[in-house]
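What you see is a predicted model; the values in this text were computed from it and never measured. Position 1 is the first residue of the sequence; numbering continues from there. Just the heavy atoms: all of them, side chains too, but no hydrogens, waters or symmetry mates, feed the values below.
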Amino acid sequence: MSVRVKRERSAREPPPRNSLSSRIKQEPGRESSASRGLVGRDPVRVKREPEDNEPRIKREPEEEEEDDEPTVKYGRFDPEDRRSRHCPYLDTINKSVLDFDFEKLCSISLSHINVYACLVCGKYFQGRGLKSHAYIHSVQFSHHVFLNLHTLKFYCLPDNYEIIDSSLEDITYVLKPTFTKQQIANLDKQAKLSRAYDGTTYLPGIVGLNNIKANDYANAILQALSNVPPLRNYFLEEENYKNIQRPPGDIMFLLVQRFGELMRKLWNPRNFKAHVSPHEMLQAVVLCSKKNFQITKQGDGVDFLSWFLNALHSALGGTKKKKKTIVTDVFQGSMRIFTKKLPHPDLPAEEKEQLLLNDEYQEKMVESTFMYLTLDLPTAPLYKDEKEQLIIPQVPLFNILAKFNGIMEKEYKTYKENFLKRFQLTKLPPYLIFCIKRFTKNNFFVEKNPTIVNFPITNVDLREYLSEEVQAVHKNTTYDLIANIVHDGKPAEGAYRIHVLHHGTGKWYELQDLQVTDILPQMITLSEAYIQIWKRRDNEEETNQQGA
């Protein structure tokens, strides 16, 4: 067959040259069928060479991979030959199935390298070359538009050219939201509702988090932290932390990256749906906590908050004493701890008096920092009242805050020794966290104290809990509540929900996983509050927030 093809060509054109490049110089824009890999095919397809005004024979994908020559377009190599600004398949994109909250893994190979999202069905596939999972998927199902989840470039498969179209920018913004300094500065000044792709409206920042199985304890903490403005603003701008150097093999920085991504998704005003799945964030938590906190097992909110804040601080390069981070700038305060050792209670009175004279039993004072204050509840009653109903006791917030007035002493027992301790605050942070101790653990079970804490929503003054010399320096000591995390139900089987204040509207909202509802501030105080975040008023002109 090859001999016959050469004979047909020689009847009407000069003999062919040996190389492709030399033939191009002689006849721009024309290539022989032999050089295009068509020798040995059906003679009907190679019966004659096309004229200059006819389209050239299209190369098959497998032959394209075998051909090492560069793409030739009108006698010269054109780097734009593989790119297109117009794709006929853009109308097949289905934005309702696009979900970029999950881990960026190929659905077949489970690899995270070179992953593309099919914008028609929403699935992830690896690669776009010949025989790759994305290529095969495009041929099998006629799905043609793909997005590289790393480079944020769009491609049409199986033709394998880049799509450049401004109408696709909203998809890249959902995958990787970005915020300017001006946008960040205006977040707490506006109350504009956003509309999701399915028509539902939502307030950016007041967004439900998906409960994958039993991660509502983590959801509540993450939603509370996302509504602390200085912490949120820091993580919305990736430039603040992306250049922090970490030791080789350190995985803790993954927490910082994932937390930043979650903040940007929660505050995204152009999201396709009115909720966010914290899947990648929680996977980083499981990995970095060495499975101490899991998605499939209920955890304790206070334990998670303590670990998460310290892990963030450490991953950002902070140290215990010297080097500070955004975490310590926002939440860290300081106190004096006075400790006095007590003699064993079984000793005779005379021996106790003698021991109290020793230096070991004298009161000692140390300065200590804190990220949150633990408030102890009075013991709940064990017996029912006359009507056979169990009374749920109530206690004012200021009663349990008295622990930090520098006067009240509390006994702490260890395995061998007993101590008396009293506490006095010396520095109040911009945002103060209260953890109300509802759970007591013993060798057999965990018991929950259902006591209701009565607290005002605004105007809580903590000046009396500071020492006299500190009071003169501390000008602003008044706090307003901005987040209230509630635990409902039994200790191991309960559920978490959160009340948050939206600064732009001044309204309170209740969030429980995907459910978001507005709530009257009077209803907040009736719940079994577990963790609270209070904001310090730093300007005397600040007025009481709406709903006080």
Discussion item. So, using side-chain contact (heavy atoms from CB on, under 4.5 Å) as the criterion, who are the partners of Asn418 when residues are at least two apart?
Written reply: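 Only Leu342, Pro345, Glu411, Lys413 meet the side-chain contact (heavy atoms from CB on, under 4.5 Å) criterion with Asn418.
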Worksheet item: Are Lys273 and Asp198 within salt-bridge range, i.e. N to O under 4.0 Å?
Response: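 The answer is no: the pair does not qualify as a salt bridge.
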Item to complete: Flag the pair Glu447 and Lys441 as a salt bridge only when some basic side-chain nitrogen lies within less than 4.0 angstrom of an acidic carboxylate oxygen.
Response: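 Salt bridge flag = no for Lys441 with Glu447.
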Distance under 6.0 Å and angle within 45° of the ring axis: does [X] meet both against [Y]?
X: Lys535; Y: Tyr431; value: no
X: Arg422; Y: Phe338; value: yes
X: Arg270; Y: Tyr173; value: yes

Discussion item. Looking at Glu367, I'd like to know if its CD atom is crowded, meaning that more than 12 non-hydrogen atoms belonging to other residues, nucleotides or ligands lie closer than 6.0 Å.
Written reply: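 Count over threshold, so yes.
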Discussion item. Going by the rule salt bridge (Lys or Arg N to Asp or Glu O under 4.0 Å), which residues pair with Lys242 if we only count those two or more places apart in sequence or in a different chain?
Written reply: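 Counting only residues at least two positions away or on another chain, Lys242 forms a salt bridge (Lys or Arg N to Asp or Glu O under 4.0 Å) with Glu239.
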Item to complete: Could you check Thr328 against Thr325 for side-chain contact (heavy atoms from CB on, under 4.5 Å), going step by step and ending with a plain yes or no?
Response: CA-CA 5 Å; Thr328 52; Thr325 63; 3.9 Å; yes
Just checking, is any N or O donor in the side chain of [X] or [Y] under 3.5 Å from an acceptor N or O on the other one?
X: Lys448; Y: His487; answer: yes
X: His474; Y: Thr477; answer: no
X: Thr369; Y: Ser334; answer: no

Worksheet item: Roughly how far, to the nearest 0.5 Å, is the OH atom of Tyr496 from the CG atom of Asp513?
Response: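 Nearest 0.5 Å value for the CG-OH distance: 12.5 Å.
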Practice prompt. Could you tell me the separation between the CG atom of Leu420 and the NZ atom of Lys410, rounded to the nearest 0.5 Å?
Written response: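 It is 11.5 Å, given to the nearest 0.5 Å.
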Discussion item. Looking at every non-hydrogen atom in both residues, tell me the closest pair between Tyr124 and Asp99 and how far apart they are.
Written reply: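 Taking Tyr124 first and Asp99 second, the nearest heavy atoms are OH-O, 2.9 Å.
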Discussion item. According to ring pair (Phe, Tyr, Trp, His ring centres under 6.0 Å), who are the partners of His499, at least two apart in sequence or on a separate chain?
Written reply: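 Partners of His499 under the ring pair (Phe, Tyr, Trp, His ring centres under 6.0 Å) test: none.
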